[in-house]
Amino acid sequence: MSPKSAALFQPLTLSGVTLPNRIGVSPMCMYGATNGHAADMHLIHLGRFAMGGAGLVLVEATAIEPRGRISHHDLGLWADSHIAPLRRIADALRAEGTVPGIQLAHAGRRASVREPWRAGAPLDETDAAAGSPPWQTVAPSAVEPGPGWPRPRALTAAEIRTSIDEWAAAARRAVEAGFDVVELHGAHGYLLHQFVSPLSNLRDDEWGGDDERRLRYPLEVVRAVRAEIGDRALLYRVSSIDGPEGGRRIEETVAFAHRLRAEGVDLVDASSGGLSTDRSRDLRVRRTFGYHADFSRSVREAGAGPVATTGYIVDAEQAAMLVENGDTDLLLLGREMLDDPNWPQHARRRLDAEEAAHWHPRFGSAIVPRLGSLQRLVERGEGPLARFGR
Ligand SMILES: Cc1cc2nc3c(=O)[nH]c(=O)nc-3n(C[C@H](O)[C@H](O)[C@H](O)COP(=O)(O)O)c2cc1C
């Protein structure tokens, strides 16, 4: 293996789980579930990444209760009937050499919306007429995420307790479905994030009122989930900054990361933003290559354990350097993987890192010898357009 690629293809052990390399697939909602149940589409979509050499595949945001779905078509784990179709996916991913993981989520006040290709807007009576009615959203406080959004109902203290049990029950089902990694979606303005931020949590009871009480819900959720998953790996996705002015800053996230670690989180996954749907108030992190790497680095350097970064990781050398230079321990690629599910293998080719040994043999035995044949043709001056005189 070439020295520059060594870090990228090192295993990473988190609790009792070892990822074979540092390339993971970030969770991505596909809006293709029926009443929370996974479909063949999910198996095919996620299976591509396993065969392409990813070390970890995280199944998209999966709701812990029906009200916590972003849309009518999100995956769920609030009922035992969700387990079997997800188990089929976890088993298939493992059989093809990757570690299967799943992200558990509750959208809170950002639930009840249309798919992104229908602008992700809140559902209304036109959707109801078409058979997809909106539902009453819930949140720590009755504050809309932005103009034009319905007002959520504040959860009662009793509902908060029930909700913690629902996270734990979903985690138990994730284990039953065969997942080795559970990620909690604590970012992007969804319920866990709503509890943490002073902009969305205006409570003045044991679940809000000061920093300590705002952290209580996520920390209790972590504790309850940790107790269910044994030595499987627990990841927590944070919004490193809230987004809107006056929101939480990276210094507060670093302190939170220490608390998460103390409750049994194995890795903090640094994303950002999403608290407000009002783009004009949002101090969005500028989208540049590796745009969350400063945040993951801050958490890592503060000694809050291993971290992941996500966002515009597109190039093999960039990815290798992010790990090697200590910006991150794990890379979570999203859209780049949708574009090229064989990205990890192509990264091996670029970095001269034992590509042949790591292809799935069914693919590798066909692809790798052909690379040599094609190379010899090119060396003889025969390009693919030679028959057209070019
Ligand atoms: C179609 C799509 C769906 C997404 N769904 C989720 C999700 O379910 N949970 C989550 O934490 N992030 C979600 N994200 C964010 C991605 O996981 C990822 O962090 C982000 O796209 C940045 O990485 P990229 O530049 O490699 O795409 C989604 C992104 C896309 C494009």
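Read the numbers this way: they start at 1 and go in the same order the structure lists the ligands and their atoms. What you see is a predicted model; the values in this text were computed from it and never measured.
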Return a yes/no value for C29: is any of its N or O atoms, backbone included, closer than 3.5 angstrom to an N or O of ligand 1? yes
Out of curiosity, is G311 lining ligand 1, as in a heavy atom under 4.0 Å away? yes
Using distance only, find each side-chain donor-acceptor pair of residues 51-59 under 3.5 Å and give its atom names and separation, not counting sequence neighbours.
none

Does ligand 1 come near enough to M30 that some N or O of the ligand is less than 3.5 Å from an N or O of the residue? no
Just grab all the side chain to side chain donor-acceptor pair (under 3.5 Å) pairs involving residues 147-159, residues at least two apart or on different chains. E144-R151, W149-T277, R153-E159, T156-E159
Ligand 1 to Y291, heavy atom cutoff 4.0 Å, flagged ligand atoms 22 (C)
State whether the shortest distance between N or O atoms of Y312 and N or O atoms of ligand 1 falls below 3.5 angstrom. yes
Among R237, R287, E336, M28, whose heavy atom sits nearest atom 12 (N) of ligand 1? R237
Check the angle between the aromatic planes of H188 and H185 and answer parallel, tilted or perpendicular using the 30° and 60° thresholds. perpendicular
Any N or O on Q103 sitting closer than 3.5 Å to an N or O of ligand 1? yes
R118 bridged to E115 by N-O distance under 4.0 Å: yes
Check whether any N or O atom of P27, backbone or side chain, sits under 3.5 Å from an N or O atom of ligand 1, and answer yes or no. yes
What protein heavy atom is closest to atom 26 (O) of ligand 1, reported as residue, atom name and distance in Å? G334 N, 2.8 Å
NZ/NE/NH1/NH2 to OD/OE distance under 4.0 Å, R259 and D211: no
